[in-house]
Each structure stands twice: as structure tokens, then as C-alpha cells.
Amino acid sequence: EGGILKRRIIPLCTRRMEEKMASAQAVIPDDFEMPTEAFDIPRSYVGDLSAVVIPEGMIKDRVRRLAQDIHSSIGSEPLALLCVLKGSYKFFTALVDELTSARFNCPHPMTVDFIRCRSYEDTQSTGTVEIIGLSNLTELKGKNVLVVDDIVDTGRTLSRLIHTLEESGVKKSWTALLVSKRVPRSIDVAEDFVAFQIPDKFIVGYGLDYNQRFRDLRHICVMSNSGIEKYKNLE
Ligand code: IMP
Ligand code: MG
């Protein structure tokens, strides 16, 4: 009797725990900031940044787990990965590598595609979203698509993109996001897989830019006021 009870209860508990773990969030608290002097910040960027908020190593570790969660949630079906350039280029590469490992035994391959959306100038939203590379979207018709984007702030860019994908007839879409800002959302957008939830601060690095600068920076950092001033209106 005890054996039957064990067999019935344990798998259920394990499954619930797995579900809970899969939806667990990595939250960066408001005051979590580390001195730039403690990291290998390129000399040319030193005065422009006020703090490191997510070091590269932490991103790599989190992306590995995120890929495992994506795989256990989406399963072994064919999957088209859509990279939203330019901001997600590093995240995309890391995620594709980890998904390749996670999907090692899958009978179906993944494909990769690239598009661009632009909605920001300086640190303020312009309110309009431009999608470049739309012709590629027809290739995604009838496919399972994982949209890989860098950051969700207002959600305007991502919701517009998801809407466009739905219109072009994708079978199913999910979103994988490097960071999600802790701000009240006026626009409701699906955030399926989020690597980090961060405070409402303007960040750069690991692909993210300020007027096209800082994308090559290894770590995710907060800009200093002088840095914001220095690269204002510069392309
Ligand atoms: P949303 O449409 O307001 O969600 O903004 C999304 C886009 O704005 C992102 O894809 C980024 O290009 C840009 N963005 C928003 N916040 C930041 C930030 O803190 N650093 C760099 N880019 C940002
Ligand atoms: Mg972007």
C-alpha cells in the first residue's frame, strides 16, 4: 500500500515543483548595483557608466536554464528562431547555442531568421515603430516561431511585432526576452520566457545600446549622467 501511495504522490509533487521552477523569475532588485571598477570595463567607456547590474557570467548561466525551460515548454517540434536586431544579437547567439544542447535529441531542426525594429531615439520613445525585413516574415508562415528580443519597456515594439507575425500566419509564437523592465505596462504583451526582470533604469551592454554605442560591452550596465550627456544625439 505504501508503495502505491508513493508512486502516485511523488510524480505529482515533482511535476508541480518543475512547473513552479520553470516559471521562477530572476529578479534584479532596485538597489542591486556593483561598482564598474570591480569589472573589466573598457577604458573608453569607464566614465560613461555608473554601475554594473548584470555581469556577463550571470547572463550566460541564466540563458542556459532559460533554454532548458523553453525546450521543456515548447517540446521537440520544428522551431524557427527570430532574432530582433540589433539589440538581441548576443542574447540570440547564446540562446541558440544553449537550445542546440537542450534539443540534442530532437528529430526536428531549428532555423534562424533576422529582422529589425526601431522605436527609440536617445532615452525616450518616439512612439512609432519601424519593422525592417518584413519580407522574411512570409517565410515564417505555418511555423512555430520563438521571437528573441532584448528588452521590453512599454511593450509597444514587441506587441506590434507579435501582431504582424499573427497576421502573416505563423502557427504559434512565443517570446524570449533578455530583460523585462519593472514598469506598469499600458500595452499587454506576452512575455513567455524572460531571462531577467530589472528595475526601471536605462541600461546598456550585452547588445543593448545608447545611440548605437555600448553594444560590445560585456556586462549589462547603468549609464552615468555624463555618459548620457556625452552621447546624446550622436549616431
Ligand atoms: P518598448 O517598445 O518601449 O518596449 O521598447 C523596446 C525597445 O526600446 C527595445 O527593443 C530597445 O531598443 C529600446 N529600449 C528600451 N529600454 C532600453 C534601455 O534601457 N536600454 C537600451 N534600449 C532600450
Ligand atoms: Mg530592440
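Numbering of ligands and ligand atoms starts at 1, following listing order. Quantities reported herein were computed from a predicted structural model and do not represent experimental measurements.
- Checked against N144 for a side-chain hydrogen bond (donor to acceptor under 3.5 Å, both in side chains), the options H108, E77, K172 give a single hit: E77.
- Proximity annotation for atom 17 (C) of ligand 1: of T157, I151, L208, I151 comes nearest, heavy atoms only.
- Within the 3.5 Å criterion, the main-chain N or O of L49 finds no donor-acceptor partner in the side chain of T36.
- Residue contact annotation: D209 has a non-hydrogen atom under 4.0 Å from ligand 1.
- Less than 4.0 angstrom separates some heavy atom of K181 from each of these atoms of ligand 1: 16 (N), 17 (C), 18 (C), 19 (O).
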### Task
Any chance you could lay out the side chain to side chain contact (heavy atoms under 4.5 Å, CB included) test for V53 and I198, step after step, and finish with the verdict?
CA-CA 9 Å; V53 283; I198 60 156; 5.8 Å; no
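- Taking the six-membered ring for Trp and the full ring otherwise, the centers of Y45 and F214 sit less than 6.0 Å from each other.
- In terms of N/O distances under 3.5 Å, ligand 1 is not approached by F202.
- Side-chain atoms of R62 come within 3.5 Å of backbone atoms of V194 as a donor-acceptor pair (strictly under, hydrogens ignored).
- Every atom of ligand 1 with a heavy atom of T154 under 4.0 Å away is listed here by number and element: 1 (P), 2 (O), 3 (O), 4 (O).
- Shown in contact with K201 at under 4.0 Å from a heavy atom are these atoms of ligand 1, numbered in order with element: 19 (O).
- Side-chain contact check for T175 versus L158: some heavy-atom pair is nearer than 4.5 Å.
- F92 and F114 have perpendicular rings, their planes meeting at more than 60° on a 0 to 90° scale where under 30° would count as parallel.
- By the 3.5 Å distance cut-off applied to N or O atoms, I203 is counted among the residues near ligand 1.
- Residue-ligand proximity: G87 is placed with every non-hydrogen atom at 4.0 Å or more from ligand 1.
- Using a 4.0 Å cut-off to heavy atoms of D150, the atoms of ligand 1 that qualify are 9 (C), 10 (O).
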